[in-house]
Amino acid sequence: MPRPAKRSPHGERELAVQRILAVVDSIPRGRVATYGDVAREAGLPRRARLVGRVLAELPSGSRLPWHRVVNAAGRLSPRANGTAEQRRRLAREGVALTPSGRLDLARLRWSGD
DNA sequence: TATATGACGACGA
DNA sequence: ATCGTCGCCATAT
C-alpha cells in the first residue's frame with residue numbers, strides 16, 4: 001500500500017485532487033457548476049485554477065461528468081481540443097447554450113444543495 | 001530564485 | 001455586455 005499516513009506536501013495535493021473529482025462526480029445531470037464552485041465545495045476556496053488543471057489531465061476515457069464544469073462567465077472555457085465535445089455532452093442532457101454561446105447560470109448552476 | 005503560462009475569477013472602465 | 005488588469009495557485013523552464 002502506497003501512502004500509510006504522513007502528509008507530505010505532495011500527498012496533500014493528492015487529497016485535494018480526490019476531493020475535486022468527488023465534487024465533479026456529484027454534479028447532477030442537467031446542471032452545471034463553475035470551477036470556483038467546485039473548488040469551494042471541495043474545501044479549496046480560491047483554487048479554481050487547480051480544478052481546471054485537474055480536469056485538463058483527466059484520461060480521455062474518464063467517466064467523470066467534466067462537461068458540467070464551466071467558467072464563472074457562463075461560457076465553456078477554451079482548451080486545446082476545442083469545446084465541441086462538451087457542447088454535445090451538455091446538449092444530450094438538455095443543457096443548451098444561448099445563440100451567443102452562454103449558459104443560463106441563474107437557472108442551471110448547482111451549488112452543492 | 002525569476003518568469004511565463006494556464007479548462008479561473010472579481011472588478012472597473 | 002465586453003475587455004483589460006490584477007490577484008491567485010500550480011507547474012514548467
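Chain naming here is simple, since letters A, B, ... match the order of the sequence lines and numbering starts at 1 in each.
Atom CG in A/Leu105 sits roughly 14 Å away from atom C1' in B/dC8 (whole-Å rounding). Distance OH (A/Tyr35) to P (C/dG7): 24 Å, rounded to an integer number of Å. For the pair A/Arg47 CZ and C/dT11 P, the interatomic distance rounds to 10 Å; values are reported in whole Å. The distance between atom CG of A/Leu55 and atom P of C/dC9, rounded to the nearest whole Å, is 19 Å. Protein atom CD1 of A/Ile20 is 13 Å distant from nucleotide atom P of B/dC8, rounded to whole Å. In this structure, the CH2 atom of A/Trp66 is 14 Å from the P atom of B/dA7, given to the nearest Å. To the nearest angstrom, C1' of C/dA10 lies 15 Å from CZ of A/Arg46. To the nearest angstrom, P of C/dT11 lies 7 Å from CG of A/Leu50.
The main-chain N or O of A/Gly52 is never found under 3.5 Å from a side-chain atom of A/Glu57 such that the two would form a donor-acceptor pair. Between the side chain of A/Thr83 and the main chain of A/Gln86, no donor-acceptor pair closer than 3.5 Å is present.
The residue A/Arg49 sits close to a base: some heavy atom pair falls under 4.0 Å. Using a 4.0 Å heavy-atom distance criterion, A/Thr83 is classed as making no nucleic acid contact. A/Ala56 comes within contact range of at least one nucleobase, with a heavy-atom separation under 4.0 Å. Using a 4.0 Å heavy-atom distance criterion, A/Arg75 is classed as making no nucleic acid contact. Across all strands, A/Arg53 comes closer than 4.0 Å only to sugar-phosphate atoms, never to a base (heavy-atom distances).
Counted within 6.0 Å of CZ on A/Arg46, heavy atoms from surrounding residues, nucleotides or ligands total 12 or fewer; the atom is thus considered open. Enclosure of atom CZ in A/Arg89 by more than 12 non-hydrogen atoms of other residues, nucleotides or ligands within 6.0 angstrom is indicated.
Of all nucleotides present, only B/dA13 satisfies the Watson-Crick or G-U wobble test against C/dT2, with each distance under 3.5 Å.
Taking side-chain N and O atoms only, A/Thr34 has a distance below 4.0 Å to OP1 or OP2 of B/dG9. At the phosphate of C/dT2, OP1 or OP2 sits under 4.0 Å from a side-chain N or O atom of A/Arg102.
Using a 4.5 Å cut-off on side-chain heavy atoms (C-beta onward), A/Asp104 and A/Thr98 make no contact.
Each of A/Ser100 and A/Glu57 was matched to the nucleotide of DNA chain C holding its nearest heavy atom; the match closer to the 5' end belongs to A/Ser100.
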